[in-house]
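To keep things clear, I will list the structure first and then write my remarks on it.
Bear in mind that the values here come from a model prediction, so they are computed numbers and not experimental data. Hydrogens, waters and symmetry mates are skipped; everything else that's a heavy atom, side chains included, is used. Letters go in sequence order (proteins before strands), and every chain restarts at 1.
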Amino acid sequence: AQKITQTQPGMFVQEKEAVTLDCTYDTSDQSYGLFWYKQPSSGEMIFLIYQGSYDEQNATEGRYSLNFQKARKSANLVISASQLGDSAMYFCAQGAGFGNEKLTFGTGTRLTIIP
Amino acid sequence: GAGVSQTPSNKVTEKGKYVELRCDPISGHTALYWYRQSLGQGPEFLIYFQGTGAADDSGLPNDRFFAVRPEGSVSTLKIQRTERGDSAVYLCASSLTGGLAGAGGELFFGEGSRLTVL
């Protein structure tokens, strides 16, 4: 069974600063994927970034990057140059290997960007 | 619109009643997922459809929960004999092919149906 731990229930960050949201995972799967989603107050989950367990390079998508440390089972999200629109809940999730369509989510981090 | 549509957005019902929640995925998406999000928690997987068939229903909590997708597009989540513990936001997502990642695998979520059982 997978378990995702997000230890920061809330964070406040000054606009334009970088922010790191922590995520650790626990799995016995050899092949898996790690995901980050953003949930604004409207409620829908918005996909941000994906890292495969065999990917050697950290994933990047615009201002988002994933700091993947496989040995430590860590998949932190880094947001550079934060913006007011980044204020939202952020969820880390893990998917198991090929053929498994289930995502296991953490409890989330509420990020608030201060002008 | 072009996104995933869920109705109703809010549903208040009494304990013991029957409830249906509808999900209209993005046109052409073959994969459809239901998740349940309780207050202060991340979403929990309920069921995955590929086309008309439920390929993985391992997340349904008990036999009061059932979901269908008869024509491979719209899906309905059905809850019988509702209990107060069923109160949550029910999220639906779709993707072009399934796979969770890569080309065609990205999930697109709706805004959810908030169910309150009194």
Give the minimum heavy-atom separation between B:L91 and A:M45, together with the two atoms involved. CD1-CG, 4.1 Å

Treat each ILVMFWY residue as a node, draw an edge where side-chain heavy atoms are under 4.5 Å apart, and state whether [X] and [Y] are in one component.
X     : Y      : value
B:Y90 : B:L32  : yes
A:W36 : B:F109 : no
B:W34 : B:L60  : yes
B:V89 : A:M89  : yes
A:Y64 : A:L84  : yes

How long is the gap from CD on B:Q6 to CD on A:E44, to the nearest 0.5 Å? 10.5 Å

I need the A:F91 CZ to B:Q41 CD distance, nearest 0.5 Å. 8.5 Å

Let's test your reading of the structure: which of B:G112, B:C92, B:A101, B:G105 forms the most heavy-atom pairs below 4.5 Å with chain A? B:A101

For atom [atom1] of [X], is the number of surrounding heavy atoms from other residues, nucleotides or ligands below 6.0 Å larger than 12?
X     : atom1 : value
B:K11 : NZ    : no
B:R64 : CZ    : yes
B:Y18 : OH    : yes

Please step through side-chain contact (heavy atoms from CB on, under 4.5 Å) for the pair B:Y35 and A:L103, ending with a clear verdict. CA-CA 9 Å; B:Y35 281 79; A:L103 285 174; 3.2 Å; yes

Spell out, as yes or no, whether a donor-acceptor pair under 3.5 Å connects the side chain of A:E101 to the backbone of B:D56. no

When the aromatic ring centroids of B:F45 and A:F105 are compared, is their separation below 6.0 Å? no

Centroid-centroid distance, A:F47 to B:F108, less than 6.0 Å: no

Under 4.5 Å from any heavy atom of chain B - which part of A:Q6: neither

Answer with side chain, backbone, both or neither: which region of B:E111 has an atom nearer than 4.5 Å to a non-hydrogen atom of chain A? both

Look at A:G108, A:S42, A:P9 and state which one has the largest set of heavy-atom pairs under 4.5 Å with chain B. A:S42

Please determine whether side-chain contact (heavy atoms from CB on, under 4.5 Å) holds for the pair A:Y50 and B:L100, giving the CA-CA distance in whole Å, both sets of side-chain angles, and the decisive distance to 0.1 Å. CA-CA 9 Å; A:Y50 165 78; B:L100 297 180; over 6 Å; no

